[in-house]
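Residue numbers start from 1 in every chain, and the chains themselves are labelled A, B, ... in the order their sequence lines are given, proteins ahead of strands. In this text the structure is predicted, and so the values were computed from the model without any measurement.
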There are 2 protein chains.
Amino acid sequence: MSELTTPHDHGQALERELEHVPSVENFQTVADVFKQMGDGSRARIFWLLCHCEECVINLSAMVNMSSPAVSHHLKQLKAAGLIVSRREGKEVYYRAADTPQVQLLHHMIEHLMELACPNEFV
Amino acid sequence: MSELTTPHDHGQALERELEHVPSVENFQTVADVFKQMGDGSRARIFWLLCHCEECVINLSAMVNMSSPAVSHHLKQLKAAGLIVSRREGKEVYYRAADTPQVQLLHHMIEHLMELACPNEFV
DNA sequence: AAAACAATTAAATAATCATTTAACTATTTG
DNA sequence: CAAATAGTTAAATGATTATTTAATTGTTTT
């Protein structure tokens, strides 16, 4: 089945190490989730929505961006299933979705922040 | 200090929830790490290098891409500190760096794969 | 030293994507 | 019903980026 043939054989027993290589599609699916956090503004908005529920203009003020720009990011996060929304009168409130994926991403952001930004947590 | 003022006050005690909001720079730093995994091909190459050490042409064959394209991704992963390389004769061998960040990312990929690609693990 | 092989770099192309401005929809209030 | 407020959508722009092709560098072998 998954016979991995490479141009060079360096005798490292490739087959032992790489018994099950996930498909290209699986890596693309995972990459699409990572891509959501690959933009600083979007990661920031997502993180905020893990900590509070907010409407668009408040979010815009918090991240210092125009509301169309924020709306654009919210649309992507929602399409990715990372946030949910509810309308209350004129306002639409957004918050993080309650899923294992979201918890994993949230935890990951905070963990990565500790590792990559050590000065921040003295 | 971090007095968060928003256009609307919906009385949700924002200050309680958001005592310490990381800086824009910190989110950008974290996003830059995520960005590395935001490309399917690069995530795949990184994952492979978490499981074995390989030279460029073998990697190219494994991911079915041209060697310049692979080299391009390797350069980025290396600049991000996620992989290391060593030359042995004509070949340059790459492997994942031995750091907490790398372990976290690797674990995250596999965890996310289980969550987002359930059919793959029956 | 020349030929062959491995890898990187450079230039060019195509595609993706974040942001802005402007127009539009939806809801509430006077 | 008109005005005001909140949010979204569309078109346009600018920036970033993945990939290809071609040229170049580094190493080994004959």
Side-chain angles (χ1 to χ4, degrees), chain A residues 6-10 12 24 27-28 30-46 48-49 53-80 82-95, chain B residues 6-10 12 24 27-28 30-46 48-49 53-80 82-95:
Chain A
T6 48
H8 290 184
D9 184 1
H10 304 297
Q12 284 147 344
V24 181
F27 278 110
Q28 192 54 55
V30 170
D32 286 340
V33 178
F34 278 115
K35 201 177 289 179
Q36 289 299 316
M37 297 299 112
D39 179 88
S41 303
R42 200 158 52 231
R44 194 148 145 253
I45 291 170
F46 172 75
L48 286 170
L49 294 177
E53 183 183 52
E54 270 302 345
C55 64
V56 179
I57 43 172
N58 275 2
L59 281 172
S60 302
M62 290 162 92
V63 299
N64 199 33
M65 287 173 69
S66 70
S67 50
V70 170
S71 202
H72 170 75
H73 288 305
L74 291 172
K75 194 178 184 181
Q76 288 187 68
L77 289 169
K78 195 176 179 185
L82 300 179
I83 62 173
V84 295
S85 65
R86 86 187 152 84
R87 179 177 276 274
E88 189 176 314
K90 280 182 287 191
E91 282 129 16
V92 177
Y93 289 89
Y94 285 90
R95 66 175 188 277
Chain B
T6 49
H8 289 183
D9 183 3
H10 303 296
Q12 283 145 345
V24 181
F27 278 111
Q28 191 55 54
V30 169
D32 286 341
V33 178
F34 278 115
K35 200 178 288 179
Q36 288 300 314
M37 297 299 112
D39 179 88
S41 303
R42 201 158 50 231
R44 195 148 145 253
I45 291 170
F46 173 74
L48 286 169
L49 294 178
E53 183 182 54
E54 271 301 346
C55 64
V56 179
I57 45 172
N58 276 1
L59 281 170
S60 302
M62 289 162 92
V63 300
N64 200 32
M65 287 173 70
S66 71
S67 50
V70 171
S71 202
H72 169 76
H73 288 304
L74 292 173
K75 193 178 183 179
Q76 288 188 68
L77 289 169
K78 195 175 177 184
L82 301 179
I83 62 173
V84 294
S85 66
R86 85 186 152 85
R87 180 177 275 275
E88 189 177 314
K90 280 182 288 192
E91 281 130 16
V92 176
Y93 289 88
Y94 286 90
R95 66 175 188 276

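By the 4.5 Å heavy-atom criterion applied to side chains, Met65(B) and His73(B) are counted as neighbours. For the pair Ile83(A) and Arg95(A), the minimum side-chain heavy-atom distance is 4.5 Å or more. Between Lys78(A) and Val84(A) the shortest side-chain heavy-atom distance does not fall below 4.5 Å.
Arg42(A) contributes no side-chain N or O that, together with a main-chain N or O of Val70(A), makes up a donor-acceptor pair within less than 3.5 Å. Between the Arg44(B) side chain and the Phe46(B) main chain, no donor and acceptor come within less than 3.5 Å of each other.
Of all nucleotides listed (dA7(C), dT20(D), dG7(D)), dT20(D) comes nearest to the side chain of Ala69(B). The side chain of Lys90(B) lies closest to dT27(D), out of dT20(C), dT27(D), dA6(D). You'll find that the side chain of Ser67(A) is closest to dT8(D), out of dT27(D), dT8(C), dT8(D). Comparing atom distances between the Lys35(A) side chain and each of dT19(D), dC17(C), dA18(D) picks out dC17(C) as nearest. Residue Pro68(B) places its side chain closer to dT20(D) than to any other of dT20(D), dA18(D), dA7(C).
A straight line from CD1 of Ile83(B) to P of dT8(C) spans 9 Å, rounded to a whole angstrom. Phe27(B) has its CZ atom 18 Å from the C1' atom of dA18(C), to the nearest Å. Atom CE of Met65(B) and atom C1' of dT21(D) are 15 Å apart (whole Å). Here dC5(C) presents its P atom at 19 Å from CD of Glu88(B), a figure rounded to the nearest Å. We find that CG of Leu74(B) is positioned 17 Å from P of dT17(D), with the value rounded to whole Å. In this structure, CD1 of Ile57(A) is placed 9 Å from C1' of dG7(D), rounded to the nearest angstrom. Across the protein-nucleic acid pair, Ile45(A) atom CD1 and dT19(C) atom P stand 8 Å apart, rounded to whole Å. Atoms CZ (Arg86(A)) and P (dA6(D)) sit 16 Å apart, rounded to a whole Å.
Each end of the helix from dA1(C)-dT30(D) to dG30(C)-dC1(D) gets its own axis from five base pairs, and the two axes differ in direction by 10°, given to 10 degrees.
Defined by atom type and a distance below 3.5 Å, a donor-acceptor pair is present between the side-chain atoms of Asp32(B) and Gln28(B).
Counting non-hydrogen atoms under 4.0 angstrom, Lys78(A) reaches nothing in the nucleic acid. In this structure, Gln76(B) reaches the sugar-phosphate backbone alone: every heavy-atom distance under 4.0 Å involves primed, P, OP1 or OP2 atoms, never a base. Residue-level contact check: His73(B) touches the backbone only, with heavy atoms under 4.0 Å from sugar-phosphate atoms and none from bases.
Of the inter-residue distances, the one linking Ser71(A) atom OG with Leu74(A) atom CG reads 6.0 Å to the nearest 0.5 angstrom.
Between Arg87(A) and dA26(C), a side-chain N or O to OP1/OP2 separation shorter than 4.0 Å is absent. An OP1 or OP2 oxygen of dA7(C) is reached within less than 4.0 angstrom by no side-chain nitrogen or oxygen of Lys75(B). For the OP1/OP2 pair of dA6(C) and a distance below 4.0 Å, the side-chain nitrogens and oxygens of Tyr94(B) include no atom meeting the criterion.
The 5' end of DNA chain C is approached more closely, in terms of each residue's nearest nucleotide, by Glu91(B) than by the other of Glu91(B) and His72(A).
Comment: Glu53(A) engages Arg86(A) in a salt bridge, judged by a side-chain N to carboxylate O separation of less than 4.0 angstrom.
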